[in-house]
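Only one structure is covered here, and it is reproduced in the block below.
Here, residue 1 is the first one in the sequence, and each next residue gets the next number. Remember, it's 1-based here, ligands and their atoms both numbered in the order they're listed. What you see below is based on every heavy atom in this structure, not just the backbone, and it leaves out hydrogens, waters and symmetry mates.
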Amino acid sequence: MKHLLKMLDLSGEQILEILSLADQLKYEQKHGIPHKHLSGKTLGMIFEKASTRTRVSFETGMYQLGGYALFLSSQELQMGRGEPIEDTARVLSRYLDGIMIRTFKQSDVEMLASYGTIPVINGLTDDSHPCQVLADLMTIREYKNKLEGLKLCFIGDGNNMANSLTAGGLKVGMNVSVCVPEGYEPSEGVLNFTKEYKDAFELVREPLKAAENADVMVTDVWSSMGKESEAEKRKKDFIGYQISSEVMKAAKPDAMVLHCLPAHKGEEITEEVFEKHAEQIFDESENRLHAQKAVMVKLMG
Ligand code: CP
Ligand code: NVA
């Protein structure tokens, strides 16, 4: 494994290896056991979109691993004035040991990886959010002690989270039910991938049907970053595509709820369901730190 660009690139085995290392690093951090695997190493973090969790967890994680993280706002880089990604990749490869990038186009992340000579980590694109999904799988395994055979239900927009959860969930042996309104399906690449998993994947339109017997319920905002101008139209198109108490009744009684955050309570999830499952959701947030530390150790260690 050279980069972390999207879940589709990883095998189920590689995902489980990252999760096990993440569990170990979490244990070490909680017990004050030093784990400075990246001492002397520097991670550059390029942000073309806003972030709370990704920025803080990568920066803190790198510090805990004995390394240094450099925040690079795209507006302040020459990239923001048109310097090509190909050149930026070759320059940054001469200074840094790894790059984390949050941007719009998945192809930009792929290009950074192909022109540079150091590991690239996708910190979210319009297409995928692999770091988040590794943290989600880690959290599910903590609560349920397994992944294989569990049913994961995603309700909402067929966005970066839906794409990465579908690919990641299927690869580790989960059954995945994705429930989106017409016209908001996951990407073509991910839908093609699901064809290999006919019995484990379904795309449905009815939230109550999708949630049936689910072990894990997941949702995300109806309008992702960059789609704000469509928010009013989307609010109409997504009516009913919400995790509510009624939808939760269709899931298993002990079903957990995850949300990558930030949440728009009252839209994709009710305040009641959110607060009832807040502990799980904030454990999920915390696990960003541990899962990403594992990714950095694997790629840069
Ligand atoms: N979930 C997530 O990626 O959060 P941020 O946008 O705050 O980084
Ligand atoms: N789908 C959301 C996730 C935010 C972490 C977005 O891309 O804005």
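In summary, E267 and K235 engage in a salt bridge, as defined by a charged side-chain N under 4.0 Å from a carboxylate O. Looking at D9 and K6, a side-chain N of the basic residue comes within less than 4.0 Å of a carboxylate O on the acidic one, giving a salt bridge. Ionic pairing of E212 and K249 is not present here: no N-O contact between side-chain nitrogen and carboxylate oxygen is shorter than 4.0 angstrom. With salt bridges taken as basic N to acidic carboxylate O contacts below 4.0 Å, one links D23 and R141. The pair D215-K151 does not count as a salt bridge, with every side-chain nitrogen at least 4.0 angstrom from each carboxylate oxygen.
A donor-acceptor pair under 3.5 Å is absent between the side-chain atoms of D126 and the main chain of K105, judged by distance alone. Judged by distance alone, with hydrogens and angles left aside, the side-chain atoms of H31 form a donor-acceptor pair with the main-chain N or O of Y27 at under 3.5 Å.
Protein heavy atom at the shortest distance from atom 8 (O) of ligand 2 is M225 N, 2.8 Å. The closest protein non-hydrogen atom to atom 4 (O) of ligand 1 is R53 NE, 2.8 Å. Atom 4 (C) of ligand 2 has as its closest protein heavy atom L124 CD1, 3.9 Å. Here the protein heavy atom with the shortest distance to atom 3 (C) of ligand 2 is D220 OD2, 3.6 Å. Nearest protein heavy-atom neighbour of atom 7 (O) of ligand 1: T52 N, 2.7 Å. Given atom 2 (C) of ligand 1, the protein heavy atom at minimum distance is R288 NH1, 3.3 Å.
At a heavy-atom cutoff of 4.0 Å, ligand 2 is contacted by no atom of D157, backbone or side chain. Of all the heavy atoms of K49, none lies under 4.0 Å from any atom of ligand 1, so neither backbone nor side chain is involved.
Using the six-membered ring where Trp is involved, F238 and W222 have ring planes that are parallel, under 30° apart on the 30 and 60° scheme. Classified by interplanar angle (parallel below 30°, tilted 30° to 60°, perpendicular above 60°), the ring pair F193/Y197 is tilted.
Using a 4.0 Å cutoff on heavy atoms, L261 counts as a contact of ligand 2. The shell of residues lying under 4.0 angstrom from ligand 1, judged by heavy atoms, excludes L124. Under a 4.0 angstrom heavy-atom cut-off, R102 registers as being in contact with ligand 1.
With M7 as the fixed residue, the side-chain contact (heavy atoms from CB on, under 4.5 Å) test singles out one of N163, L134, L170, T166: L134.
Every atom of ligand 1 with a heavy atom of L261 under 4.0 Å away is listed here by number and element: 1 (N), 2 (C), 4 (O). Interface atoms of ligand 2 facing N160, defined by a heavy-atom separation under 4.0 Å, are 1 (N), 2 (C), 6 (C), 7 (O).
Between S224 and ligand 2, a contact under 3.5 Å exists for at least one N or O pair. Checked against a 3.5 angstrom limit, the closest N/O atoms of R55 and ligand 1 fall outside it. Residue-to-ligand polar distances keep M225 apart from ligand 1: every N/O pair is separated by 3.5 Å or more.
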query: Is there a side chain to side chain contact (heavy atoms under 4.5 Å, CB included) between V190 and D127 once you walk through the steps?
result: CA-CA 10 Å; V190 165; D127 177 78; 5.8 Å; no

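Considering each of P262, C260, S51, the one bringing a non-hydrogen atom nearest atom 8 (O) of ligand 1 is S51.
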